[in-house]
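To start, the structure under review is shown below, and the notes come after it.
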Amino acid sequence: MSEQQNGNRARRRKRALSAEEKLQIWQQLLSGEVSQRQAAERWDVDPTTIMRIRRVARAGALSALAQSRPGVRSGSGEDAELAAARSEIARLEETVKEQAIELVALRGKQRSGW
């Protein structure tokens, strides 16, 4: 294992965890599937890393819950995508109207012999 002796205490070498891995660890801790010590061993990280993941996840969850309002949809990526699509539809509708006006004008010129 990748441990260095630091006096009587063994410390694990730093291991970078992805956000998905951190979420998985937090879920395992939350469900009681593993203890903090077991999680540290399983993921080969220092126990303080597990404590920090718990603290950050809890703070993030509390912050998100504090900002949410019952019955109000949050500004998700889907909402932004929908707004962009509606904007594009409006732009295209205006373009079609302008082209229709031009077409009518050109047909009128052709009939009058211009």
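Partners of Ser63 under the side-chain contact (heavy atoms from CB on, under 4.5 Å) rule, at least two apart in sequence or in another chain, are Gln67. Glu21 is linked by a side-chain contact (heavy atoms from CB on, under 4.5 Å) to Arg15, Leu17, Ser18, Trp43, counting only residues two or more places apart in sequence or in another chain. In this structure, the side-chain contact (heavy atoms from CB on, under 4.5 Å) partners of Thr95, at least two apart in sequence or on a different chain, are Arg91, Gln99. Under the rule for a side chain to side chain donor-acceptor pair (under 3.5 Å), the partners of Gln38 that lie at least two apart in sequence or sit in another chain are Ser35. Arg58 pairs by the salt bridge (Lys or Arg N to Asp or Glu O under 4.0 Å) definition with nothing, not counting sequence neighbours. Legend: residues meeting salt bridge (Lys or Arg N to Asp or Glu O under 4.0 Å) with Glu94, ordered by chain and number and at least two apart, are Lys97.
Taken from CZ in Arg54 to CG in Leu30, the straight-line distance is 8.5 Å, to the nearest 0.5 Å. Distance check: Arg37 CZ to Arg42 CZ gives 11.5 Å after rounding to the nearest 0.5 Å.
When each of Ile53, Thr49, Ile50 is tested with Lys22 by the rule side chain to side chain contact (heavy atoms under 4.5 Å, CB included), just one qualifies, namely Ile53.
Note on Leu29: it clusters hydrophobically with Leu23, by side-chain heavy-atom contacts below 4.5 Å among ILVMFWY residues. Residues Met51 and Val34 do not share a hydrophobic cluster, defined by chaining ILVMFWY side chains whose heavy atoms lie under 4.5 Å apart.
Crowding of Glu20 atom CD: a count of heavy atoms from other residues, nucleotides or ligands under 6.0 Å not exceeding 12.
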